[in-house]
There are 2 protein chains.
Amino acid sequence: MPKYQEIANILRTRIKNKTYPPDSLLPNQTDLVEEFGVSRMTVKKAIGILAMEGLVYSQRGAGTKILNHPFLKKDTTALTVYEGLSTEMGKAGRKLVSQVIDFQVEFPDQTIQEKLMLTEEQPIYSIVRLRILEDQPFILEYTYMPVHLVPNLTRGHLESSIYRYVKEELGVQFAGAYRTIAADKSTAYDQQYLDCKADDPVLEIEQIVYQKNGSPIEFSRSRNRYDVRAYSYLDVQH
Amino acid sequence: MPKYQEIANILRTRIKNKTYPPDSLLPNQTDLVEEFGVSRMTVKKAIGILAMEGLVYSQRGAGTKILNHPFLKKDTTALTVYEGLSTEMGKAGRKLVSQVIDFQVEFPDQTIQEKLMLTEEQPIYSIVRLRILEDQPFILEYTYMPVHLVPNLTRGHLESSIYRYVKEELGVQFAGAYRTIAADKSTAYDQQYLDCKADDPVLEIEQIVYQKNGSPIEFSRSRNRYDVRAYSYLDVQH
DNA sequence: GAGTGGTCTAGACCACTCG
DNA sequence: GAGTGGTCTAGACCACTCG
């Protein structure tokens, strides 16, 4: 692990345990250079990480201030990094079960060809799963992935965690995701699986997940029960 | 403007006009050092900006690749930086009208005290506006701002752009925002102003906007017609 | 083994804030 | 004017990718 990461971790710990209390100033960069025995560029890089996380704000001439946003108390980190729903819920200590409703291999239609940058001859997995959180159905999820990028996918993976298989066993690295969030009326299909009423809306999240090499590896549409799931995130300006 | 910004701008232009085509490699950092007559750290910082924007992906040993994400073609930049709806729509060349439904000064209730970090004696503006895009009502927006942070706000500002007044005339700098997005059933009030049907859902976006010094300056809830507005953004991992 | 980007140093100059 | 963080340099070493 690079030095600037280690230093960022140490400083983050001190902020979280109030060694550096909110609204106070971080020691200046020269002092941190002395404490950690590194160059100033390295200290600055460490502080830059904390600034990206919204923990501190540096101002030329005035020092680096510890911020006190209410979202420090919330668990938003899980939402900004793509790691799959199972992993996210596992970290939060909540029990997620995935019930496989459909699992097919087929040729992609036009929409999916575009989203996943495929030709019509490149087969895809088409997966429908109901995600059940602590015995309550809450997301109906349609997932499409190119077969050649995710070989040997099994029903077992779908029931535990696709993300873990793709990342840990296939060694795929994710670059990020493009998401669109919208409200929609529930369909009869939604109502059946999500166990919701005819006039209940759903929150729909569409996402395309990209690998680090730039090719899309997943397109999914998830239909969320409106009363169970909202989507939160922190948008820090740089 | 710092050198690394200038270089990033030049490289971004070359990517957008395909001087560096998608899937090709950027010239290596040593060559760019020669071309621009700067040190390698400066070149690296410029490339870092493009990587944050999702335009390129650098890999140790292999070079820096120009990515070809479909969202290069979409206009998502406006959505990741807080600049107010009027400014956003203005840039897209669309005509936005804001109709002021209510404009009051009052003491904050418990919720707003918490969101804006205020005491119950610190007065706030309470604003309700209907945002009309090209003659179609599409957002009903409730905005709350502390009076002491936004002195002399007038009805005129509400009708044009609060953001422009706060930023340009008051000189406030924004650090970012915390947002929560959810689906909800429409209320009678929504239906009246948004001109939607009883079983139409709405997309609700709650946001707290922070100043660079860390204090919240705005809390708002916007109720969006579900068939007109979705919310998109790019989530790049770092 | 050649070429690549990632990290790090030790210093410098400067713009900015604050009392 | 003293102290702060932002930028920049010219070099170094290294981990990694690729043929």
Side-chain angles (χ1 to χ4, degrees), chain A residues 1-11 15 20 23-67 171-173 175 211-215 236-238, chain B residues 1-11 15 20 23-67 171-173 175 211-215 236-238:
Chain A
M1 176 178 299
K3 288 188 195 175
Y4 67 84
Q5 262 296 353
E6 280 182 41
I7 294 172
N9 292 345
I10 293 170
L11 296 178
I15 291 168
Y20 301 143
D23 262 325
S24 69
L25 293 178
L26 205 68
N28 69 46
Q29 297 183 358
T30 320
D31 289 354
L32 292 174
V33 161
E34 273 196 32
E35 171 178 356
F36 293 109
V38 298
S39 76
R40 214 184 119 211
M41 286 293 286
T42 304
V43 162
K44 196 172 174 310
K45 216 162 169 180
I47 294 174
I49 292 176
L50 304 180
M52 290 263 300
E53 294 170 357
L55 291 174
V56 302
Y57 166 61
S58 299
Q59 197 178 6
R60 187 196 298 231
T64 298
K65 196 190 212 180
I66 317 296
L67 297 181
V172 167
Q173 292 184 294
Q211 297 184 74
K212 283 208 166 175
N213 70 14
S215 22
V236 180
Q237 277 180 39
H238 304 293
Chain B
M1 178 180 295
K3 288 189 194 177
Y4 67 84
Q5 263 295 353
E6 279 183 41
I7 294 173
N9 293 345
I10 294 169
L11 297 178
I15 291 169
Y20 301 142
D23 261 326
S24 70
L25 292 179
L26 204 68
N28 71 45
Q29 299 183 357
T30 321
D31 289 354
L32 293 174
V33 160
E34 272 195 35
E35 171 177 358
F36 294 108
V38 298
S39 76
R40 214 182 120 213
M41 286 293 287
T42 303
V43 162
K44 194 170 176 313
K45 217 163 166 179
I47 295 174
I49 290 176
L50 304 179
M52 289 264 299
E53 295 171 356
L55 291 175
V56 302
Y57 166 62
S58 299
Q59 198 177 6
R60 186 195 302 233
T64 298
K65 197 190 213 179
I66 316 296
L67 297 181
V172 167
Q173 293 184 296
Q211 296 184 75
K212 283 208 166 173
N213 71 15
S215 22
V236 180
Q237 276 178 44
H238 304 293

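In the text below, chain A, chain B and the rest are named by the order of the sequence lines, each starting its count at 1.
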Original post:
Can you check whether L32(A) reaches L11(A) side chain to side chain, under 4.5 Å on heavy atoms?
Top reply: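 Yes. Closest side-chain heavy atoms under 4.5 Å.
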Original post:
Under a 4.5 Å cut-off applied to non-hydrogen side-chain atoms, are Q29(B) and K44(B) in contact?
Top reply: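 Q29(B) reaches K44(B) side chain to side chain.
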On the nucleotide [N], are OP1 or OP2 found under 4.0 Å from the side-chain N or O atoms that [X] carries?
X	N	value
S58(A)	dT4(D)	no
K45(A)	dT7(C)	yes
T64(A)	dG5(D)	yes
K3(B)	dG6(D)	no
Y4(B)	dT7(D)	yes

**OP:** On DNA chain C, check which nucleotide each of Q59(A) and P2(A) is closest to and give me the residue with the more 5' one.
**Re:**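 Nearer the 5' end of the strand: P2(A).
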Subject >> Residue closer to the 5' end of DNA chain C, Q5(A) versus R60(A) (nearest nucleotide) >> reply: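 Taking each residue's closest nucleotide, the earlier one in sequence belongs to Q5(A).
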In this structure, how many angstroms lie between the [atom2] atom of [N] and the [atom1] atom of [X], rounded?
X	N	atom1	atom2	answer
M41(A)	dT9(C)	CE	P	10 Å
R40(A)	dT7(C)	CZ	P	19 Å
F36(A)	dA10(C)	CZ	C1'	19 Å
N28(B)	dT17(D)	CG	P	17 Å
M1(A)	dC14(D)	CE	P	20 Å
L26(A)	dG3(D)	CG	P	18 Å
L25(B)	dG3(C)	CG	C1'	12 Å
Q29(A)	dA10(C)	CD	P	16 Å

Original post:
So N9(A) and Q5(A), side-chain contact (heavy atoms from CB on, under 4.5 Å) or not? Walk me through it.
Top reply: CA-CA 6 Å; N9(A) 292 345; Q5(A) 262 296 353; 3.7 Å; yes
Original post:
Which part of the nucleic acid, if any, lies within contact of T30(A), taking any heavy atom under 4.0 Å across all strands shown: a base, the sugar-phosphate backbone alone, or nothing?
Top reply: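 Touches nothing.
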**OP:** Indicate, with a heavy-atom threshold strictly under 4.0 Å, whether K44(A) touches base, sugar-phosphate, or nothing.
**Re:**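 Base contact.
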**OP:** Rounded to the nearest 0.5 Å, what's the gap from CG on N28(A) to CD on E34(A)? Could you check?
**Re:**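 Interatomic distance, N28(A) CG to E34(A) CD, rounded to 0.5 Å: 9.5 Å.
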**OP:** Starting at CD1 of I10(B), measure out to CD of E35(B) and round the result to the nearest 0.5 Å.
**Re:**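 Those atoms lie 7.5 Å apart.
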Subject >> Watson-Crick or G-U counterpart of dG11(C), or none if no pair lies under 3.5 Å >> reply: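 Pairing partner: dC8(D).
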Subject >> Paired nucleotide for dC18(C) [Watson-Crick or G-U wobble; both distances under 3.5 Å] >> reply: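 In the structure as shown, dC18(C) has dG1(D) as its Watson-Crick or wobble partner.
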